[in-house]
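Below you'll find the structure, written out as structure tokens, and then a few comments.
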Amino acid sequence: MAEILVTGGTGTLGRPVVEGLRRAGRGVRSLSRHPRPGDPLSHAVDLREGTGLAEALEGVDTVVHCATDPLGGDLRAAAHLIRRAREAGVGHLVYISIVGVDRVPLGYYRAKYTVERALAASGLGWTVLRTTQFHELVASLCARAARLPVVPVPDVDVQPIAVQEAASRLVLLARGEPQGRVADMGGPAVESFADLMGAYLRSRRLERRTVPVRLPGRVFAAYRAGEHLVPDRAVGTVTFADFLAHH
């Protein structure tokens, strides 16, 4: 049976994808800049350079591309991966993207959307799954803001989803045939950031005064318009409160 390669296999999303594929009985290779010590199926590859990627792809039929860098480098990494995947005869490349990448004028989103279009034009079999923001991201934003004595709260809504639910969907997609862009995945509820921040502060027993802020610019105008939300695809079941209770 041909193996599946997961890029970013030690990351927040990549780790449960690797574990889910292995539980399903699939041969899995994990690719990461920081591989797990002692794991013979873990490959140390920096996708931004591409060194060692050809060797990691030998005998691989499907790639699940979870590796990403919000600070830049996704386009270069994708170019290396697509070229080497074609050379290796990979039949299916599964890519995780974000709801609203074609509507929110944020640099990171634009890069993700460019990768989507590059995949569609690559000649490879491809599948793209867009999800809303993960609970971990929302929690990290709350934690950062909670360091301040007065916490600024932007007037936007969020629809966070559990990483494990997104990972489970990627596992199913990786085991199937290429499908192009599949239905988006959203968390179980659209909630105001103010409510999410309140839940975070209560869960951590932090006393903070919050102040609503209206951030300027086209990016936050798109967020206020809900371009990053999919209320009609609220397929997640784990709420942000559930996440906080277990983390």
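These values consider heavy atoms only, across backbone and side chains, with no hydrogens, waters or symmetry-generated copies.
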Roughly how far, to the nearest 0.5 Å, is the [atom2] atom of [Y] from the [atom1] atom of [X]?
{"X": "L31", "Y": "L5", "atom1": "CG", "atom2": "CG", "value": "5.0 Å"}
{"X": "E116", "Y": "I98", "atom1": "CD", "atom2": "CD1", "value": "9.5 Å"}
{"X": "T62", "Y": "L124", "atom1": "OG1", "atom2": "CG", "value": "11.0 Å"}
{"X": "L137", "Y": "C142", "atom1": "CG", "atom2": "SG", "value": "9.5 Å"}
{"X": "L196", "Y": "L201", "atom1": "CG", "atom2": "CG", "value": "11.0 Å"}
{"X": "K112", "Y": "D102", "atom1": "NZ", "atom2": "CG", "value": "13.5 Å"}

Donor-acceptor under 3.5 Å ([X] side chain, [Y] main chain):
{"X": "R233", "Y": "D184", "answer": "yes"}
{"X": "R86", "Y": "G123", "answer": "no"}
{"X": "R15", "Y": "T10", "answer": "yes"}
{"X": "T127", "Y": "Q179", "answer": "yes"}
{"X": "Q164", "Y": "P16", "answer": "no"}
{"X": "H135", "Y": "V163", "answer": "no"}
{"X": "Q159", "Y": "V230", "answer": "yes"}
{"X": "R208", "Y": "A146", "answer": "yes"}
{"X": "H65", "Y": "G8", "answer": "no"}
{"X": "D69", "Y": "D74", "answer": "no"}

Do [X] and [Y] make a side-chain contact, defined as non-hydrogen atoms from C-beta onward lying under 4.5 Å apart?
{"X": "V94", "Y": "I4", "answer": "no"}
{"X": "L170", "Y": "C66", "answer": "yes"}
{"X": "L75", "Y": "V115", "answer": "yes"}
{"X": "P152", "Y": "V211", "answer": "no"}
{"X": "F134", "Y": "I161", "answer": "yes"}
{"X": "R48", "Y": "H80", "answer": "no"}

To check you understand the geometry: which heavy-atom pair defines the closest contact between [X] and [Y], and what is its length?
{"X": "V190", "Y": "P231", "answer": "CG2-CB, 4.2 Å"}
{"X": "S192", "Y": "D157", "answer": "CA-OD1, 3.3 Å"}
{"X": "G236", "Y": "P188", "answer": "O-CB, 3.1 Å"}
{"X": "L93", "Y": "A85", "answer": "CD1-CB, 4.5 Å"}
{"X": "G176", "Y": "H92", "answer": "O-ND1, 3.2 Å"}
{"X": "P154", "Y": "L215", "answer": "CB-CD1, 4.0 Å"}

Consider only side-chain heavy atoms of I, L, V, M, F, W and Y, link residues closer than 4.5 Å, and tell whether [X] and [Y] are in one cluster.
{"X": "V128", "Y": "Y113", "answer": "no"}
{"X": "L244", "Y": "L206", "answer": "yes"}
{"X": "F193", "Y": "Y200", "answer": "yes"}
{"X": "Y108", "Y": "V101", "answer": "yes"}
{"X": "I82", "Y": "L57", "answer": "yes"}

Go through the steps to decide whether R169 and V182 satisfy the test side chain to side chain contact (heavy atoms under 4.5 Å, CB included), and finish with yes or no.
CA-CA 11 Å; R169 179 69 172 135; V182 298; 4.1 Å; yes

Could you walk me through whether R76 and E49 pass the side chain to side chain contact (heavy atoms under 4.5 Å, CB included) test, one step at a time?
CA-CA 8 Å; R76 187 175 178 184; E49 304 301 327; 3.4 Å; yes

Candidate pair R214 and D155, rule salt bridge (charged side-chain N to carboxylate O under 4.0 Å, His left out), full reasoning
CA-CA 6 Å; R214 187 176 182 85; D155 60 338; 2.9 Å; yes

Strictly below 4.0 Å, N to O, side chains only: are E87 and R84 in salt-bridge contact?
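Yes, E87 and R84 are salt-bridged.
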
Going through the distances and angles, do D46 and T51 end up as a side chain to side chain contact (heavy atoms under 4.5 Å, CB included)?
CA-CA 7 Å; D46 187 338; T51 306; over 6 Å; no

Within 45° of the ring axis of F220 and under 6.0 Å from its six-membered ring centre, is that where the NZ or CZ of R224 lies?
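No - R224 does not lie over the ring of F220 by the 6.0 Å and 45° rule.
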
Please state whether the rings of Y223 and Y109 are parallel, tilted or perpendicular, taking 30° and 60° as the class boundaries.
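The rings of Y223 and Y109 stand perpendicular, inter-plane angle above 60°.
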
